[in-house]
2 protein chains.
Amino acid sequence: MADDVERVVERLDGDRWERRTVMSTSADRAARVLREQVVEGLLRSGTRLPEQRLAAAIGVSRNTLREALSQLVAERILVREPHRGVVVATPDADDVADVYRVRLLIEPAAVLHGTGHTAPRLAALRAAVEEGWTASGAEDWHGVASANQHFHRAVVALAGSARLDAEAELLLAEMRLFFHRMEAPGEFHRPYLDENAVIADLVLAGRREEAAGRLTDYLASAQGQLVAHFLGPGRR
Amino acid sequence: MADDVERVVERLDGDRWERRTVMSTSADRAARVLREQVVEGLLRSGTRLPEQRLAAAIGVSRNTLREALSQLVAERILVREPHRGVVVATPDADDVADVYRVRLLIEPAAVLHGTGHTAPRLAALRAAVEEGWTASGAEDWHGVASANQHFHRAVVALAGSARLDAEAELLLAEMRLFFHRMEAPGEFHRPYLDENAVIADLVLAGRREEAAGRLTDYLASAQGQLVAHFLGPGRR
DNA sequence: GTTGCCCGATTGTTCAACAATCGAATACGT
DNA sequence: ACGTATTCGATTGTTGAACAATCGGGCAAC
């Protein structure tokens with residue numbers, strides 16, 4: 001539990017130099033590292049992040065780490081409890097429902113009215129489908145989940161808006177948190193692979209209404225499933 | 001120009017105690033103060049925000065101010081130029097177009113498919129229309145602009161999503177930056193007041209398709225107008 | 001007039017400290 | 001034994017001072 005924190009060091013020590021070559025500010029690097037640790041599931045929901053030890057582990061000062069933490073709090077990946085520290089966010093059913101409310105508005109709209117249906121973006125959409133299939137073939141469930149994210153990122157990208165892309169990135173990061181609270185995320189994603197393919201084909205064929213419709217059903221179904229799961233088995 | 005910064009002090013000195021009673025963290029207070037100064041137009045696009053003097057002016061340490069600045073950078077109100085400092089964002093035509101791309105997706109969708117068309121939210125929508133009319137009657141153009149923002153905030157709220165509300169808040173703050181770069185924002189808002197009323201009535205009457213349609217036209221028109229303006233008069 | 005160099009100013013980052021606050025363990029009263 | 005006050009250690013919020021790295025502008029050399 002506490003040593004989730006220590007593990008940051010080991011995992012990081014290798015990357016340290018490489019990342020330093022890319023260079024940016026230390027705070028950004030720290031934020032990127034923590035974000036990755038969280039979305040990869042190495043730091044799980046509810047774990048506390050004591051500033052002192054974490055700063056030492058990452059190799060930055062407490063002040064610098066603080067900037068990184070603030071950034072991640074703004075991204076809703078962490079939550080700050082005043083005078084008690086920051087912890088990895090623990091999303092509940094309401095959060096799941098809310099994220100899907102946003103996605104249900106944005107994604108079908110991007111398909112339907114998006115002004116960015118360019119060739120490269122459509123190619124990215126198609127590529128995400130392929131990625132999902134090959135990952136599924138290799139029974140790489142982590143890869144399937146990843147491909148799914150890429151698919152939805154590609155869908156939002158059809159809107160052609162940098163700001164919407166950024167928001168989508170936040171939402172998808174939150175989604176990772178959801179899945180880390182489930183027992184078998186792989187099974188969850190699998191059934192949607194074929195649906196992704198159908199939607200992609202419809203979009204490529206320019207049949208936007210049908211694509212948007214199926215996407216809406218898709219998301220609504222996933223929302224119901226996830227919310228039910230987060231209300232807990234047996235819980236009313 | 002440089003003394004825009006100094007003015008923060010004067011304007012703030014009065015509020016200092018009151019805000020302290022509400023209390024939160026110093027960094028949040030600093031961020032709130034700066035955000036207000038920017039959206040109110042007292043700190044204009046392009047003005048630099050030297051950490052040393054600004055920290056002294058607001059009455060917090062440089063480290064604390066830094067957290068506040070980072071937060072506002074995340075909100076796209078300020079931009080950080082590495083090793084050169086933070087400046088108030090200077091949106092260009094691309095930014096305007098992008099913000100409207102997002103609004104064109106979200107707002108009509110909120111009207112059309114929003115799951116939060118509750119009585120209080122509909123009342124808020126109606127109230128924003130009234131607010132605009134009274135402000136217009138008093139020829140209070142600042143008030144008209146404000147009411148307009150409230151109208152669009154109310155529209156997005158129809159989606160019933162806290163996350164979407166937060167994103168809308170960011171976009172509307174950016175919009176204030178746009179208007180501060182124009183010469184006569186009042187004239188810009190005035191023509192849209194009646195359209196707001198029509199849309200609100202349609203929404204209240206449950207005629208969502210028509211409302212969404214008019215809202216789309218509305219936003220597209222405003223986008224065209226603003227983008228043209230930002231490309232500059234005479235500029236192609 | 002252009003090129004190169006140096007210098008002051010500002011940022012990025014660290015360190016060490018302190019008051020305020022929280023949680024828990026402790027002691028107390030009944 | 002049980003609920004309540006109290007102390008105490010740990011952590012956060014915040015400050016101030018420091019230092020290297022970097023940037024921009026002015027100055028000098030050519």
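All chains are named by letter (A, B, ...) in the order of the sequence lines, taking the proteins before the strands, and each is independently numbered beginning at 1.
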| remark: Against the side chain of B:Arg62, the closest entry in C:dG12, C:dT14, D:dT12 is C:dG12
| query | Can you list the residues that meet the salt bridge (charged side-chain N to carboxylate O under 4.0 Å, His left out) rule with B:Arg35, with sequence neighbours excluded? | reply | B:Glu75
| remark: Hits for salt bridge (charged side-chain N to carboxylate O under 4.0 Å, His left out) against B:Arg176, two or more places apart or cross-chain, chain-then-number order -> B:Glu40
| task | Starting from P on D:dT15, measure out to CZ on B:Arg29 and report it in whole angstrom. | result | 8 Å
Polar atom pairs (N or O), protein with nucleotides 23-26 of chain D, under 3.5 Å:
residue	atom	partner	partner atom	Å
D:dG24	OP1	B:Arg84	NE	2.8
D:dG24	OP1	B:Arg84	NH1	3.2

| request: Nearest whole angstrom, please: distance from the P of C:dG23 to the CD of A:Glu81. | output: 9 Å
| task | Side chain of A:Gln52 only, please: which of D:dT12, C:dT11, C:dT13 is the nearest? | result | D:dT12
| task | Just jot down the salt bridge (charged side-chain N to carboxylate O under 4.0 Å, His left out) partners of A:Glu131, sequence neighbours excluded, or say none. | result | none
| request: Please name all residues satisfying side chain to side chain donor-acceptor pair (under 3.5 Å) with A:His83, sequence neighbours left out, ordered by chain then number. | output: none
| remark: Rounded to whole Å, CZ of A:Arg48 lies from P of D:dT12 at a distance of 6 Å
| query | Does any pair with a residue in residues 145-158 of chain B pass salt bridge (charged side-chain N to carboxylate O under 4.0 Å, His left out), and if so which ones, sequence neighbours excluded? | reply | B:Arg153-B:Glu169
When the side chains of residues 85-92 of chain A are checked against the rest of the protein, which donor-acceptor pairs come out under 3.5 Å, sequence neighbours left out?
residue	atom	partner	partner atom	Å
A:Thr90	OG1	A:Gly46	N	3.4
A:Asp92	OD1	A:Asp94	N	3.1
A:Asp92	OD1	A:Asp95	N	3.0

| field | A:Glu167/A:Arg76 salt bridge by N-O under 4.0 Å criterion | value | yes
| request: Report the secondary structure of DNA chain C in dot-bracket form, marking unpaired bases with a dot and bases paired to a different strand with |, and treating Watson-Crick or G-U pairs with both distances under 3.5 Å as paired. | output: ||||||||||||||||||||||||||||||
| said: Tell me every residue that passes side chain to side chain donor-acceptor pair (under 3.5 Å) with A:Tyr192, counting only those two or more places apart in sequence or in another chain. | reply: A:Ser221, A:Gln225
| Separation of atom CZ in A:Arg80 from atom C1' in C:dT21, rounded to whole Å | 15 Å
| remark: In whole angstroms, the gap separating P of D:dA18 from CG of B:Asn63 amounts to 14 Å
| Rounding to a whole Å, what distance do you find between B:Asp28:CG and D:dG13:C1'? | 11 Å
| query | Is the NE2 atom of A:His180 crowded by more than 12 outside heavy atoms at less than 6.0 Å? | reply | yes
| request: For D:dT15, take OP1 and OP2 only and decide whether either is under 4.0 Å from a side-chain N or O of B:Thr64. | output: yes
| What residues form a salt bridge (charged side-chain N to carboxylate O under 4.0 Å, His left out) with A:Arg62, not counting sequence neighbours? | A:Glu51
| query | In residues 65-79 of chain A, which residues come under 4.0 Å of DNA chain D by heavy atom? | reply | A:Arg66
| request: Kindly write out the residues that satisfy side chain to side chain donor-acceptor pair (under 3.5 Å) with B:Glu130, not counting sequence neighbours, or none if the list is empty. | output: B:Arg126
